[in-house]
Every structure is written in structure tokens, then in C-alpha cells.
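Here is the structure we will look at, set down as C-alpha cells.
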Amino acid sequence: MAMTELSTPKTTSSFLNSSSRLSLSSKLHLSNQFRHLLLLPPLHTTSNSKISCSVSQNNQAPVAVQDNGSVKTKKECYGVFCLTYDLKAEEETKSWKKMINIAVSGAAGMISNHLLFKLASGSVFGPDQPIALKLLGSERSIQALEGVAMELEDSLFPLLREVDIGTDPYEVFQDVEWALLIGAKPRGPGMERAALLDINGQIFAEQGKALNAVASPNVPCSGESLQHQNFHALTRLDENRAKCQLALKAGVFYDKVSNMTIWGNHSTTQVPDFLNARINGRPVKEVITDHKWLEEGFTESVQKRGGLLIQKWGRSSAASTAVSIVDAIKSLVTPTPEGDWFSTGVYTNGNPYGIAEDLVFSMPCRSTGDGDYELVKDVEFDDYLRNRIAKSEAELLAEKKCVAHLTGDGIAFCDLGPVDTMLPGEV
């Protein structure tokens, strides 16, 4: 998942590759803060306050009515989630962690329609982690956003303690600790990459400024900005697709495939790495001896999987994208299995692979489960892999020039040509 710049516009460009539409910002250096979140959220009403649960026909949110006659309202919240739940001291549970705030943009879209319910169910952050969902939409989608909130109400998720909906990122992103930026303009027939980069660059730049201004103060900061390593560009769907293709070719179940890396960005120059991947612990090239297929058919099948799905399904992938977002988050909050790694697009600064700095580039990472990550150093390279990585790097550097006006790098110069951004099957 790919994101934007949070302090100066300097960091936006890396995330704005032409076909990437998803972004993830996480509270990466959770370390002590996250491990110490053991109890329910702080209590907000007096222990003897009374709760009014009726919902009027005009869909106004119910309110908590306190004994002193004062009314406590929360304008941005929705429905039953506007109620302030109080627990007496003896009722507090030590089995739950402190609530975390999660923002999702494009919250009325198809991907979010799958993702939000996974987040609320506890299958992402765990069965003892209560959450608050902050849902960002547009003026055009606000009614659909209310419908999403209604479905979340009706699902009775015990871990979902709050739902806020809105169209202003400066309000919705208040105090968030994770931000999943899904909303952006999709590719259209005949649309030039430069135009798409500019449009989505403006969207993510504005959201980045909002995050920098109002996100949780617990998010680690450098000066006045969130740290660059807190941002990830989603390439997990491509990793999952690559594992599936290798499993099919080898005749094994996909859980036997490990150490898969997607190098580069989410586009037609991404590099699924079969050199370092393993099947049942053995190098892929030892298990799959058809090396011509690995160099040609395998890479092409991963790159064109999305377009083929559109041909069959009539629309782009939503459910599998939501699953890949879940996988990406879980890779950061659970320890990486010994000897394995995962792919995510992160800042290249200080990377050991010789890739240009100040980009967001998908590389192999490991995590201890505290939200942070480290780059994997023990990877092999051959001429084929290095040449493919260099091609993807060059594409990102060219796209970076296209959004120089958004990143503080001067006047934009885009030499991508009138390239149709649609993939095969996308009509």
C-alpha cells in the first residue's frame, strides 16, 4: 500500500505509481506503546450514567444522557457507536488491550466493503484488541457511507467500539494510529499515466497533510513529521498471486511457498522474485525446472492477473485485495516465521541493495511483531534479477519527476508518453 508525504511535500512521489491505488500508514514503532495497551479504553462517563438507545426516524444518533440532565453528543459518530459505554471499576477486564483508532479512506468502496468487517471481527489485530473505525468518504458517497455504518451496527462486533464517518480528512484522521488509504481515482480507458499520477498525487498529498496535522501523537515523529518508515505501499496482493502461480506450477498447496519477494512498484514492471523463493524449503529453480516459464510465463501471469480477473469477473479485484491488506498488516503485528520474509513497499533510504534513495520500493522485510520491520540482507541476485529491478527502479524515478510540483522538487516534467494505463482486460 502506498501513501503520501506528511511533513514537507518531499515524500509524496514514491507512492504514486500509476496503477497503485492503495495506501497504508501504520503506527510502526508501536514497541512499548503497543505492548502496554492492555486494558479497555478510558472511561468517558460517570459510573452511574444512563444510556438512551432509541434511534429517531431522522437517523440522528442516540446520545448518552447523564444524571445531571446534561446531554453528551458526538457529532461525527454514527448510530449506536455514539453511545458512551461506561464500566464500573470492578467490571473492567484485563484481557483486552486499549482501543486503537483506524482510519480508512474510500470507505464506501468495494475493497472497504470486505476489509472493514475483517477489521471489526478481530481477525486482523486480534481477539483482544478493541478498535474505533474512522471512515472517510466524499460528498457523493456520504449516504453509502452511512449504509456501511448501518451494516457494521447490525453485525454486533463486540470489538468495534466506535465508528465515525465524514468527508473532511482533518476531522476523520484525528488521533488515528493506522490509516488505510484506499480511496483514489481508478484508471480509465485511454488515461495517460501523467494525468493519473497528478490526480492521485493531489489526493494523497492532501490526506498526508491531514495525517501530519492531526494523527495520534503516539505515532513516532521526527521533528514535526511522521517518520518515513511508517509508510507502506501495498504489494502483498502481487506476492499472494505469485505464490499461487508457483504452487500451481509445482503441484503443491500454496502454504508450501515461502520467501517470495515482489521488487519494485505495483505495475507492469514489478519483479516477482523466483530466485530467492522457496517451495517446501527448496529453491524454486530446483523444484520447477522449466526456467523459461519462470522468466517469462511466471512473471507475465503475475503482472496480468488483475486484468484477467476483470475479463472473467467484470470488475477489478476487491475481496482478494482486502485479504492482502489484512495480510500486510498482520505481517507487521505478528513475528515473521523463522527464515521467511514478506514484501512491502517501503522507503529505500539506507537499503543494502543499491536501489536509489527517496523512493518507496517493494523489498523483502521481516518483523518481530511490534509494528516495525527490517530489510532482509541475505538475498541472492543474478543478472536477470538485477536487470529487472533496475527497470522497475527507472520507472519509479520517471514517475517521481511527474509529480515534482507536489513533492517540493520543482517543476514537474513527465516523459512517460501517452501510455494507456489500462491493463489487458480492463475495459
Side-chain angles (χ1 to χ4, degrees), residues 1-3 11 14-15 17 24-31 220 222 227-236 238-240 242-243 246 256-266 269-287 294-295 298-299 302 324 327-397:
M1 308 165 211
M3 251 184 62
T11 62
S14 314
F15 302 97
N17 51 70
L24 162 67
S25 170
S26 66
K27 178 182 177 184
L28 290 184
H29 276 268
L30 297 173
S31 57
S222 173
Q227 291 186 12
H228 292 172
Q229 68 257 37
N230 286 22
F231 295 88
H232 295 253
L234 181 70
T235 55
R236 189 54 170 266
D238 308 296
E239 177 184 329
N240 291 350
K243 287 181 175 179
L246 289 179
K256 304 301 182 183
V257 183
S258 64
N259 302 87
M260 171 53 62
T261 304
I262 299 296
W263 297 91
N265 63 339
H266 181 61
T269 61
Q270 64 188 5
V271 186
D273 178 2
F274 56 83
L275 178 64
N276 291 284
R278 300 287 186 269
I279 297 177
N280 280 321
R282 297 172 57 199
V284 164
K285 294 180 74 172
E286 291 183 6
V287 178
L294 286 173
E295 294 184 359
F298 167 60
T299 299
V302 175
S324 71
D327 290 342
I329 296 172
K330 291 173 72 173
S331 289
L332 294 170
V333 298
T334 55
T336 305
E338 183 69 27
D340 203 358
W341 59 68
F342 58 91
S343 300
T344 182
V346 294
Y347 264 85
T348 53
N349 294 11
N351 77 89
Y353 317 117
I355 298 169
E357 302 215 333
D358 290 324
L359 294 175
V360 168
F361 203 87
S362 184
M363 299 177 285
C365 298
R366 292 191 181 105
S367 176
T368 59
D370 62 353
D372 206 346
Y373 67 91
E374 63 177 6
L375 295 177
V376 177
K377 296 181 176 61
D378 51 333
V379 292
E380 297 181 29
F381 294 91
D382 59 13
D383 289 342
Y384 174 85
L385 182 58
R386 287 194 180 279
N387 289 337
R388 296 300 302 270
I389 291 174
K391 183 178 179 181
S392 188
E393 176 186 357
E395 182 187 72
L396 269 179
L397 289 170

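For reference, positions follow the sequence shown, starting with 1.
- Between the side chains of Ser392 and Trp263, no donor N or O sits under 3.5 Å from an acceptor N or O.
- Pairing each heavy atom of Gln270 with each of Val302, the nearest pair is NE2-CG1, 3.8 Å.
- Across Trp341 and Cys365, no two heavy atoms sit closer than the pair CB-O, 3.2 Å.
- Formation of a donor-acceptor pair under 3.5 Å by the Asn349 side chain with backbone atoms of Asp358 is found in this model.
- Looking only at distances, a side-chain donor or acceptor of Arg366 sits under 3.5 Å from a matching main-chain atom of Asp340.
- The closest side-chain heavy-atom distance from Glu239 to Asp327 is not below 4.5 Å.
- Between Met260 and Ser343, the closest heavy-atom pair is O-OG, 3.2 Å.
- Two residues are said to be in side-chain contact when any heavy atoms from C-beta on lie closer than 4.5 Å; Ile389 and Tyr353 fail this criterion.
- Side-chain contact between Val379 and Pro364 is present, with heavy atoms from C-beta onward closer than 4.5 Å.
- For the residue pair Ser367 and Gly369, the shortest heavy atom distance occurs at OG-N, 3.0 Å.
- Judged as a side-chain contact (heavy atoms from CB on, under 4.5 Å), and not counting sequence neighbours, Pro335 has no contacts.
- Closest non-hydrogen pair, Tyr384 versus Glu295, comes out as OH-O, 2.8 Å.
- You'll find the side chain of Val346 reaches within 4.5 Å of the side chain of Tyr373, heavy atoms only.
- Asp238 places no side-chain N or O within 3.5 Å of a backbone atom of Pro272 that could act as its donor or acceptor partner.
- In this structure, CE in Met363 is found 14.0 Å from CD1 in Ile262, a value given to the nearest 0.5 Å.
- Separation of atoms NZ (Lys330) and CG (Leu332) is listed at 12.5 Å; rounding is to 0.5 Å.
- Distance CZ/Phe274 to CD1/Ile279: 12.0 Å, rounded to 0.5 Å.
- Evaluation of the side-chain hydrogen bond (donor to acceptor under 3.5 Å, both in side chains) test over residues 274-287, restricted to residues two or more places apart or in two chains, returns Asp273-Asn276.
- Side-chain N or O atoms of Glu357 include one that pairs as donor or acceptor with a backbone N or O of Gly350 at under 3.5 Å.
- Partner of Thr348 under the side-chain contact (heavy atoms from CB on, under 4.5 Å) criterion, chosen from Leu359, Leu375, Val360, Leu396: Leu359.
- Across every non-hydrogen atom of Glu380 and Leu385, the tightest pair is O-CD2, 3.6 Å.
- The only option from Leu246, Thr299, Leu275 that meets the side-chain contact (heavy atoms from CB on, under 4.5 Å) definition with Leu294 turns out to be Leu246.
- Heavy-atom neighbours of Asp382 CG from other residues, nucleotides or ligands within 6.0 Å: above the threshold of 12.
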